[in-house]
Protein chains: 2
Amino acid sequence: MSVFLGTHQNRLDAKGRVSIPASFRTALRAQAAAGESLVILRPSHQHPCIEAWPTAAFAALSQPLDRLDMFSDDHDDMAAALYADAYPADSDREGRIILPDALKEHAGLTDSVAFMGLGRIFQIWEPAAAERRRAEARTRSRQVALPARGGTSSPSGNGAATQ
Amino acid sequence: MSVFLGTHQNRLDAKGRVSIPASFRTALRAQAAAGESLVILRPSHQHPCIEAWPTAAFAALSQPLDRLDMFSDDHDDMAAALYADAYPADSDREGRIILPDALKEHAGLTDSVAFMGLGRIFQIWEPAAAERRRAEARTRSRQVALPARGGTSSPSGNGAATQ
DNA sequence: CGGGTTTTCATGGGATATCATGGGATTTTA
DNA sequence: TAAAATCCCATGATATCCCATGAAAACCCG
């Protein structure tokens, strides 16, 4: 079920803390098991933003690794791609997290932060970049639907898709 | 099944609340599962108005995403287009909701609000804009009806859900 | 079918809880 | 030892919850 909806803007304070929006916080807490981190943060490979994964969803990403020989190059490559840039984050009592400097730089964050819900995960953006990204996604998502008409492309059936 | 019919006008009050018309409320409540939001609000991609989706209908929109590779650009675009501008809303005991500022601005809402039923969903408009839109739709639907002589356009109003 | 009663609806307001923001003290880490 | 992280507390704004009221709609009875 989708849980992260909408785009919410909060401030990054002088101590480098930012409040996770309450609805995202509630959704993360509902999914986090005892002793787990609240959320896993990693740089997006597609955009100048941070991806935020509930811990269970992130763990599910690593399941294909289990099928690889632990000493193979494939295993090593995937493990590096998955784990080496990922950071766990827990919030303080007020629901704030601290973002690692490398991730802040990747996303170009300075004083305000936009939390963009994508259903199963959310992304953390510089607010103006987030606005541009949403506009781009609206445009591109129309184009996604159209070329799949004849069923020739591998994303099947999304002529039915949407908006 | 319940459908959203008619156009109803209510006031946006000083606290930013507006009553969902009783018939729409009844239809939404009939469809909402326990623990679900009553309705999902998102900006229309075609008109200066807000689209209001029963949560189940909105969830159905996301099913095509499941068929895309989660790490593909197409998936990311559609997830952003679908979720990043969508906000869940629950009503208070009197059946009122609060509209997010971004959506109010998109629809140009100030003090009155028009709820326009479109069958499976409804739209929320500034009342004068709603009136102009209904007039335009009447004109355009006549034009559509004429070439559809062979019954090509009569299959289901799936135009309702899209931009 | 009309009049009276009851119920529902939309609107308004106040109290309380939550949220986001800010700051200081203490502890941990490099 | 200094910087960073964590913990704790406070506050204004907003959302949520609760209650009231007049108008309109629905209902009932003769």
Side-chain angles (χ1 to χ4, degrees), chain A residues 3-30 32 35-41 52 87-105 109-117 122 124-125 127 130, chain B residues 2 4-30 32 35-41 52 87-105 109-117 122 124-125 127 130:
Chain A
V3 290
F4 301 110
L5 294 173
T7 300
H8 312 265
Q9 186 164 324
N10 281 343
R11 284 180 51 76
L12 194 53
D13 76 5
K15 296 178 179 182
R17 299 172 301 192
V18 61
S19 263
I20 300 176
S23 58
F24 288 13
R25 204 159 63 235
T26 300
L28 288 170
R29 285 173 175 159
E36 274 183 350
S37 298
L38 189 68
V39 63
I40 306 294
L41 304 172
Y87 300 89
D90 280 287
S91 67
D92 61 12
R93 207 163 69 179
E94 289 72 31
R96 289 174 297 204
I97 56 173
I98 293 189
L99 301 175
D101 285 343
L103 296 182
K104 286 196 302 208
E105 285 164 22
L109 301 181
T110 52
D111 58 357
S112 276
V113 167
F115 292 80
M116 190 186 304
F122 60 94
I124 296 172
W125 289 79
Chain B
S2 325
F4 301 104
L5 299 173
T7 300
H8 314 263
Q9 187 163 324
N10 282 342
R11 284 179 52 76
L12 195 53
D13 77 5
K15 295 180 179 181
R17 300 173 300 192
V18 62
S19 263
I20 299 175
S23 58
F24 288 13
R25 205 158 63 231
T26 301
L28 287 172
R29 284 174 175 158
E36 272 186 352
S37 298
L38 189 68
V39 64
I40 307 292
L41 304 172
Y87 296 87
D90 281 287
S91 67
D92 61 12
R93 209 160 67 178
E94 290 70 32
R96 289 173 297 203
I97 56 173
I98 293 189
L99 301 175
D101 286 343
L103 297 182
K104 286 197 297 207
E105 286 165 22
L109 302 180
T110 52
D111 58 357
S112 278
V113 166
F115 293 80
M116 191 185 308
F122 59 94
I124 296 172
W125 289 79

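Values below: every heavy atom of this structure, side chains too, minus hydrogens, waters and symmetry copies. Below, chain A is the first sequence line, B the second, and so on; all start at residue 1. Model, not experiment: these values are computed from the prediction.
Spacing between atom CZ of Arg17(B) and atom P of dG14(C) amounts to 11 Å, rounded to whole angstrom units. Between the P atom of dC9(C) and the CZ atom of Phe24(B) lies a distance of 14 Å, rounded to the nearest Å. Between the CG atom of Asp111(B) and the P atom of dG12(C) there is a distance of 11 Å, rounded to whole Å. Summarising the geometry, the separation between CG on Asp92(B) and P on dT14(D) is reported as 18 Å, rounded to the nearest angstrom. Between Gln9(B) atom CD and dC9(C) atom C1' the separation is 16 Å, expressed in whole Å. Between Asn10(B) atom CG and dT11(C) atom C1' the separation is 9 Å, expressed in whole Å. Straight-line distance from the CG atom of Leu28(A) to the C1' atom of dC19(C): 16 Å, rounded to whole Å. Atom-to-atom, CD1 of Ile20(A) to P of dC19(C) comes out at 12 Å; the value is rounded to the nearest Å.
Taking CG from Leu12(B) and CZ from Arg17(B), the interatomic distance works out to 10.5 Å, rounded to the nearest 0.5 Å.
For the ring-ring contact (aromatic ring centres under 6.0 Å, His included) criterion with His8(A), the lone passing option out of Phe122(A), Phe115(A), Phe24(A), Trp125(A) is Phe24(A). Across Ile98(A), Leu38(A), Val39(A), a single residue satisfies side-chain contact (heavy atoms from CB on, under 4.5 Å) together with Asp90(A), and that is Leu38(A).
Among dT16(D), dT21(C), dG23(C), the nucleotide with an atom closest to any side-chain atom of Lys15(B) is dT16(D).
The closest donor-acceptor contact from the side chain of Asn10(B) to the backbone of Ser19(B) lies under 3.5 Å.
In this structure, the side chains of Leu99(A) and Ile124(A) come closer than 4.5 Å at one or more pairs of heavy atoms. Looking at heavy atoms from C-beta onward, Lys104(B) lies in side-chain contact with Asp101(B) at the 4.5 angstrom threshold. At least one side-chain heavy atom of Arg29(A) sits under 4.5 Å from a side-chain heavy atom of Ser91(A).
In the region residues 94-102 of chain A, proximity to DNA chain C at under 4.0 angstrom, judged on heavy atoms, holds for Glu94(A), Arg96(A).
Donor-acceptor pairing under 3.5 Å, judged by distance alone, is absent between the side chain of Arg11(B) and the base of dG12(C).
A sub-4.0 Å separation between OP1 or OP2 of dA10(C) and a side-chain N or O of Arg25(B) is present.
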